[in-house]
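Lettering of chains follows the sequences in order, A, B, ..., and the numbering in each one begins at 1. Quick caveat, the model's predicted, so the values are computed rather than measured.
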Number of protein chains: 2
Amino acid sequence: MNIDQIREKIASKGLKITPQRVAILEAIYNLNNHPTAENIADYIKISQPNIAIGTIYKVLEILVKNKIIKKVTTEADKMRYDGITEHHHHLYCIECDLIEDYFDEELNQILEQYFAKKKINGFHFKNFVVQINGTFDKC
Amino acid sequence: MNIDQIREKIASKGLKITPQRVAILEAIYNLNNHPTAENIADYIKISQPNIAIGTIYKVLEILVKNKIIKKVTTEADKMRYDGITEHHHHLYCIECDLIEDYFDEELNQILEQYFAKKKINGFHFKNFVVQINGTFDKC
DNA sequence: TTACTTAAAAAGAATTATTCTTATATAATA
DNA sequence: TATTATATAAGAATAATTCTTTTTAAGTAA
């Protein structure tokens, strides 16, 4: 994803293209590991030395609201962000903070099929995310 | 779950039984809706008017560590707690903060079978949780 | 039952993450 | 290029959680 694609992504939602927004979204794509707001701040501080931390949170909120990025929740209480919006799941390391994306079309189909048939009382199903816990060899 | 069972649950992990721990665990069982630390504080303030908020967090941490309760993560950044430790999933309301437990043995079997076969590179599978998003009729 | 030991709780300060407010700056547009 | 609306900076405020120290009480053994 290059700068022009990032700018286009922002513009496509009717949002103003600002250097801060571009830098933050670029950081999320490049860091590629579900960064926290603080991780993003560190990453962009060379290109955006004067950015306010409040701006980062504000921009993240706007990007989430416009479905350009997604929130990823963890048991450590800081929010993390994911630049991938297509349907996928996460591998969580139960020993460290590592989260990896997990794409599995077969799994998606099994579950979509399952929930299509399944009626859950008093609940309108929209979508699902599977949190897969374990340990990475590399950790 | 009565008081004696709660006391026994705490004792079975080799933990000291204290009125605060009993009250907090009782609150989680009775509230039965994935309360926050604050919800628990409100619930127990009649029986435990002098409890320190730090104590609540400390007790929750200990209960989690001893697998008596579990953390439940949400996009709203406050942690919630679940007194049910058997394998289950959660229905999340995408409009309000409601989380309901979802038990589905058929789903568990499908997924356990799936992950038993599936090899995920560089990752040791331990368990999974399905976060099911949608809306409740009652909301 | 009583005294002892150790773990737990209270208090409140400290920290961390996040949000809010207001003045200033800048992007899109006409 | 000027206009207007929106975004950003700054930093204070809030909210959630953790930490530190002192005090209290649970469990154990005499």
Side-chain angles (χ1 to χ4, degrees), chain A residues 3-4 6-27 34-45 47-66 68-69 71-81 97, chain B residues 3-4 6-27 34-45 47-66 68-69 71-81 97:
Chain A
I3 299 294
D4 282 339
I6 288 171
R7 294 171 63 88
E8 170 50 28
K9 187 125 208 164
I10 294 168
S12 72
K13 305 287 179 170
L15 298 173
K16 279 190 189 173
I17 297 166
T18 68
Q20 292 86 346
R21 287 176 175 177
V22 172
I24 289 168
L25 194 46
E26 192 192 9
H34 312 91
T36 62
E38 202 195 348
N39 296 149
I40 294 166
D42 287 345
Y43 188 87
I44 67 178
K45 74 164 160 257
S47 67
Q48 296 291 325
N50 299 319
I51 197 167
I53 186 73
T55 300
I56 294 176
Y57 282 101
K58 199 77 200 296
V59 168
L60 288 169
E61 184 196 324
I62 287 165
L63 295 177
V64 168
K65 199 169 289 172
N66 284 278
I68 295 173
I69 64 173
K71 286 184 172 185
V72 179
T73 63
T74 72
E75 295 201 357
D77 57 357
K78 48 179 88 171
M79 194 57 69
R80 296 173 65 169
Y81 297 88
D97 287 338
Chain B
I3 300 293
D4 283 339
I6 288 170
R7 295 170 63 87
E8 170 51 25
K9 187 125 206 162
I10 295 168
S12 72
K13 304 288 181 173
L15 298 173
K16 279 191 188 172
I17 297 166
T18 69
Q20 291 85 350
R21 287 177 177 177
V22 172
I24 288 167
L25 195 46
E26 193 192 8
H34 313 91
T36 62
E38 201 194 348
N39 296 148
I40 294 166
D42 287 345
Y43 187 87
I44 66 178
K45 73 161 160 257
S47 67
Q48 295 292 324
N50 299 318
I51 196 168
I53 187 72
T55 300
I56 294 176
Y57 281 101
K58 199 76 200 294
V59 168
L60 289 170
E61 184 197 324
I62 288 165
L63 295 178
V64 168
K65 199 168 291 173
N66 285 277
I68 295 173
I69 64 173
K71 286 184 171 184
V72 180
T73 63
T74 72
E75 294 200 359
D77 57 357
K78 48 180 88 171
M79 193 57 68
R80 295 173 66 168
Y81 296 88
D97 287 337

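Among the nucleotides C/dA17, D/dT8, D/dT17, the one closest to the side chain of A/K78 is C/dA17. In the set D/dT8, C/dT18, C/dA8, D/dT8 carries the atom at the smallest distance from any side-chain atom of A/T55. Among C/dT18, C/dA8, C/dA27, the nucleotide with an atom closest to any side-chain atom of B/T18 is C/dA8. Checked against D/dA9, C/dA10, C/dT18, the side chain of A/I51 finds its nearest nucleotide in D/dA9. When each of D/dG27, C/dA9, D/dA16 is scored by its nearest atom to the side-chain atoms of B/I17, the top-ranked nucleotide is D/dG27. Looking at the side chain of A/P19, the nearest of the listed nucleotides C/dA27, C/dA17, D/dA10 is C/dA27.
At a threshold of 4.0 angstrom between heavy atoms, the contacts of B/K16 include nucleobase atoms, whether or not backbone atoms are also involved. Using a 4.0 Å heavy-atom criterion, one finds that A/I62 contacts no nucleic acid atom at all.
Between the CD atom of B/E38 and the P atom of D/dT17 there is a distance of 9 Å, rounded to whole Å. Residue A/I10 contributes atom CD1, which lies 15 Å from atom C1' of C/dT26 at whole-angstrom precision. Between A/K13 atom NZ and D/dA7 atom C1' the separation is 19 Å, expressed in whole Å. In this structure, CD of A/E61 is placed 12 Å from P of C/dT18, rounded to the nearest angstrom. The distance from atom CD1 of A/I56 to atom P of D/dG11 is 16 Å, rounded to the nearest whole Å. The distance between atom NZ of B/K45 and atom C1' of C/dA9, rounded to the nearest whole Å, is 19 Å. A/R21 places its CZ atom 15 Å from the P atom of C/dT26, with the value rounded to the nearest Å. The CG atom of B/N66 sits 14 Å away from the C1' atom of C/dA8 (whole-angstrom rounding).
When the shell of 6.0 Å around NZ of B/K58 is examined, it contains 12 or fewer heavy atoms from other residues, nucleotides or ligands.
Mapping B/V59 and A/Y81 onto DNA chain C by nearest heavy atom places B/V59 closer to the 5' end of the strand. Residues B/L15 and B/G54 each lie close to DNA chain D; by heavy-atom proximity, the contact nearer the 5' end of the strand is made by B/G54.
No option in A/I6, A/I40, A/I44 other than A/I6 meets the side chain to side chain contact (heavy atoms under 4.5 Å, CB included) test with A/E26. A side chain to side chain contact (heavy atoms under 4.5 Å, CB included) with B/Y57 is found for one member of B/V59, B/T55, B/I53 and no other, namely B/I53.
Comparing the start and finish of the helix from C/dT1-D/dA30 to C/dA30-D/dT1, five pairs each, the helix axis swings through 30°, to the nearest 10 degrees.
B/Q20 has no side-chain polar atom (N or O) that falls below the 4.0 Å cut-off from OP1 or OP2 of D/dA25. Between B/Y57 and D/dT18 there is no side-chain polar atom (N or O) within less than 4.0 angstrom of OP1 or OP2.
Annotation for A/A37 and A/Y81: closest pair N-CE1, 4.4 Å, computed over non-hydrogen atoms. Across all their heavy atoms, B/L15 and B/I62 have their closest contact at CD1-CG2, 3.8 Å.
A donor-acceptor pair under 3.5 Å links the side-chain atoms of B/K13 to the main chain of B/N66, judged by distance alone.
The line from CD of A/Q20 to CG of A/L25 is 13.5 Å long, rounded to the nearest 0.5 Å. The OG1 atom of A/T18 sits 8.0 Å away from the CD atom of A/Q48 when rounded to the nearest 0.5 Å.
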